[in-house]
Amino acid sequence: MAPAMAVSSTDSFDLTDFVINKGNGVKGLSDLGIKSLPSQYIQPQEALINIIPQKSIPVIDMSNWENDSKVAESVCEAAEEFGFFQLVNHGVPLEVLDGVKDATHRFFGLPAEEKRKFSKELSSTNNIRFGTSFSPDAEKALEWKDYLSLFYVSEEEASVLWPSACRDEVLEYMKKSQVLCTKLMSTLMEKLNVKEIDESKESLLMGSKRINLNYYPRCPNPQLTVGVGRHSDVSSLTFLLQDEIGGLYVRINEGKGDEDGWVHVPPIEGSLVINVGDALQILSNGRYKSVEHCVIASGSKNRISIPIFVNPKPNDVIGPLPELIAAGEKPKYKNILYSDYVKHFFRKAHDGKKTVAFAEISS
Ligand SMILES: CC(C)(COP(=O)(O)OP(=O)(O)OC[C@H]1O[C@@H](n2cnc3c(N)ncnc32)[C@H](O)[C@@H]1OP(=O)(O)O)[C@@H](O)C(=O)NCCC(=O)NCCSC(=O)/C=C/c1ccc(O)cc1
Ligand SMILES: O=C(O)CCC(=O)C(=O)O
Ligand SMILES: [Fe+2]
């Protein structure tokens with residue numbers, strides 16, 4: 001449980017009650033105009049990062065996708081080498097991206113009592129969760145982020161249960177990004193000699209979707225905390241839309257001495273950031289790598305981001321694809337029920353790339 005706290009100026013203030021139970025979130029704290037960071041948000045030194053300013057992740061222009069096979073080649077290379085890249089001219093209309101960003105601001109602008117209706121405690125379904133930090137019960141230090149997480153089941157369910165402040169725009173964004181998703185998955189599979197995405201592959205690669213609306217309000221001491229701690233996603237692929245503020249960092253050359261460090265993912269108007277998640281790392285037997293990333297807090301601006309996590313279905317068993325094993329590869333991962341993998345991820349605080357060890361075959 002997050003420790004009970006006292007804001008230095010108001011000793012009787014119960015932070016857990018205000019932020020978590022009452023649904024004010026860190027946005028509520030920021031809106032109070034607090035001048036210093038409450039102690040619960042102070043992260044240990046190792047959570048803070050060594051930044052390499054001269055390096056970056058690839059930016060790929062997809063305008064020539066149909067006529068130039070080099071574009072698809074760059075996507076596969078970026079997924080193998082970096083696990084993270086940005087796409088421009090990707091075909092998802094810019095109005096749709098703007099629409100979902102506006103809708104995110106609209107949702108977080110609602111009064112706390114309205115947002116709290118979607119909290120774990122009050123929501124009528126586990127498929128919708130408004131919350132703060134990542135896993136407050138498991139964390140030694142809290143993260144400076146509020147979120148709304150929506151697990152997609154059907155249009156019908158969404159139209160009844162999702163918040164009306166953002167529902168239509170979120171659904172439109174999910175729908176309009178589907179073509180891009182299928183294109184990227186087919187290309188990544190072709191490179192592994194998996195020629196056809198049949199029904200069972202479609203399920204493993206993109207059988208379920210979760211979309212998060214993330215809100216990182218202005219923070220009084222941004223360098224002492226994090227927006228999101230170091231983690232890799234448990235998805236197969238993540239499509240991330242960020243606003244113009246910046247703050248997302250990706251780890252490159254993990255474990256390679258001086259080269260090991262973090263690079264910024266600069267906001268590019270109209271772009272989408274794509275990253276490989278643990279499920280695709282496991283399915284590809286390590287060929288595509290999920291990569292650690294984190295978000296630093298901003299001292300001056302309220303930032304939003306909107307990841308679509310494209311995942312296996314919760315009841316799928318994931319493991320290295322049979323085509324790879326048939327071609328003689330030694331499996332690096334066990335077969336594991338995807339929902340068990342995700343529960344393992346959600347049960348602990350963010351801890352870099354450690355989740356994937358849950359599926360590794362020990363040598
Ligand atoms: C196992 C799931 C996740 C939940 O199943 P459930 O048993 O019906 O639901 P529960 O509400 O009992 O959730 C179990 C636990 O998971 C956690 N959890 C349940 N959703 C959530 C939730 N959106 N948020 C953060 N905890 C949650 C939460 O800890 C919760 O415990 P508790 O708080 O005690 O109820 C199930 O939906 C499932 O298998 N989903 C598969 C598809 C899926 O969601 N994949 C995850 C893609 S998300 C991803 O790649 C990255 C996400 C991410 C997110 C935040 C970050 O900072 C960084 C990364
Ligand atoms: O806000 C961002 O840029 C990234 C968020 C993220 O990594 C996540 O939600 O998994
Ligand atoms: Fe992430």
Side-chain angles (χ1 to χ4, degrees), residues 1-51 53 104-105 107-116 119-121 129-149 212-231 242-249 261-262 264-265 267 292-305 348-352:
M1 200 61 198
M5 96 111 215
V7 170
S8 49
S9 54
T10 46
D11 279 354
S12 59
F13 185 82
D14 182 345
L15 182 132
T16 304
D17 187 57
F18 178 81
V19 173
I20 300 177
N21 306 341
K22 297 259 166 45
N24 289 291
V26 281
K27 180 174 187 301
L29 275 183
S30 181
D31 289 347
L32 283 178
I34 54 165
K35 294 282 181 287
S36 67
L37 186 74
S39 57
Q40 283 87 343
Y41 292 90
I42 298 177
Q43 292 284 335
Q45 207 53 35
E46 72 261 25
L48 308 175
I49 53 177
N50 159 37
I51 294 164
T104 300
H105 281 288
F107 174 77
F108 286 98
L110 293 172
E113 314 84 78
E114 284 300 309
K115 289 183 282 192
R116 202 165 87 86
S119 65
K120 186 193 156 207
E121 288 68 29
R129 183 183 290 239
F130 166 67
T132 188
S133 194
F134 173 63
S135 192
D137 291 349
E139 287 162 343
K140 291 206 183 88
L142 297 172
E143 298 182 349
W144 193 258
K145 180 190 84 170
D146 299 330
Y147 69 87
L148 174 71
S149 183
N212 282 7
L213 313 186
N214 294 325
Y215 192 89
Y216 309 89
R218 194 169 67 83
C219 177
N221 296 108
Q223 66 289 359
L224 297 182
T225 189
V226 291
V228 180
R230 315 154 56 142
H231 69 284
Q242 62 168 335
D243 67 12
E244 71 290 355
I245 315 291
L248 170 62
Y249 286 81
W262 298 79
H264 190 222
V265 181
E292 264 182 80
H293 52 286
C294 66
V295 175
I296 62 162
S298 164
S300 56
K301 302 266 174 55
N302 302 317
R303 174 176 187 265
I304 58 163
S305 73
K348 55 189 178 51
H350 282 136
D351 56 0

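Given the structure is predicted, the values throughout are model-derived calculations rather than measurements. Both backbone and side-chain heavy atoms feed into the values below; hydrogens, waters and symmetry mates do not.
Contact annotation: the side chain of Asn24 never approaches that of Val19 to less than 4.5 Å [non-hydrogen atoms, C-beta and beyond]. Within the 4.5 Å cutoff, no side-chain heavy atoms of Cys294 are placed close to those of Val226.
Here the CG atom belonging to Asp14 is positioned 7.5 Å from the NZ atom belonging to Lys22, to the nearest 0.5 angstrom. Going from atom CD1 of Ile296 over to atom CH2 of Trp144 covers 14.5 Å, rounded to the nearest 0.5 Å. With rounding to the nearest 0.5 angstrom, the OG atom of Ser119 is 9.5 Å from the CG atom of Asn21. Considering CD of Gln43 and CG of Leu224, their distance stands at 10.0 Å, rounded to 0.5 Å. One finds the CG atom of Leu110 at 9.0 Å from the CZ atom of Phe130 (value rounded to the nearest 0.5 Å).
Judged purely by atom type and a 3.5 angstrom limit, Ser133 has no side-chain atom pairing as donor or acceptor with the backbone of Pro136. Using a distance-only test at 3.5 Å, with no hydrogens or angles considered, no donor-acceptor pair links the side chain of Asn212 to the main chain of Asn214. Under the 3.5 Å distance criterion, the side-chain polar atoms of His293 are matched with a main-chain donor or acceptor of His231. Not one N or O on the side chain of Ser135 forms a donor-acceptor pair closer than 3.5 Å with the backbone of Asp137. Formation of a donor-acceptor pair under 3.5 Å by the Asp146 side chain with backbone atoms of Val26 is found in this model. In this structure a side-chain-to-backbone donor-acceptor pair under 3.5 Å is missing from Ser305 to Gln242. A donor-acceptor pair under 3.5 Å is formed between the side chain of Lys115 and the backbone N or O of Phe108.
Of the listed residues (Leu142, Asn221, Thr225, Leu37), just one forms a side-chain contact (heavy atoms from CB on, under 4.5 Å) with Ile42, and that residue is Leu37. Here the rule is side-chain contact (heavy atoms from CB on, under 4.5 Å) with Val228, and of Tyr249, Tyr216, Tyr147 only Tyr216 fits it.
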List the atom pairs, with distances to 0.1 Å, where a side-chain N or O of residues 28-35 and a protein N or O form a donor-acceptor pair under 3.5 Å, not counting sequence neighbours.
{"from": "Ser30", "atom 1": "OG", "to": "Arg218", "atom 2": "O", "distance (Å)": "2.8"}
{"from": "Asp31", "atom 1": "OD2", "to": "Lys27", "atom 2": "NZ", "distance (Å)": "2.9"}
{"from": "Lys35", "atom 1": "NZ", "to": "Gly33", "atom 2": "O", "distance (Å)": "3.2"}

Discussion item. What verdict does the side-chain contact (heavy atoms from CB on, under 4.5 Å) test give for Arg303 and Val295, after you've listed the backbone C-alpha separation in whole Å, the side-chain angles of each residue and the deciding distance to 0.1 Å?
Written reply: CA-CA 10 Å; Arg303 174 176 187 265; Val295 175; 3.6 Å; yes
Fill in: Candidate pair His105 and Ile304, rule side-chain contact (heavy atoms from CB on, under 4.5 Å), full reasoning
CA-CA 8 Å; His105 281 288; Ile304 58 163; 3.7 Å; yes
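Shown here for Arg230 and His350, the closest heavy-atom pair between the two residues is O-CB, 3.4 Å. When every heavy atom of Ala297 is checked against every heavy atom of Cys219, the shortest pair comes out as CB-CB, 4.0 Å. Between Ile51 and Pro53, the shortest heavy-atom distance links the atoms O-CD, 3.4 Å. When all heavy atoms of Gly227 and Lys145 are compared, the pair lying nearest together is O-CB, 3.4 Å. Across all non-hydrogen atoms, the minimal contact from Pro222 to Ser298 is CB-C, 4.0 Å.
Residues satisfying the side chain to side chain donor-acceptor pair (under 3.5 Å) test with Lys348, not counting sequence neighbours, are Asp351, Thr355.
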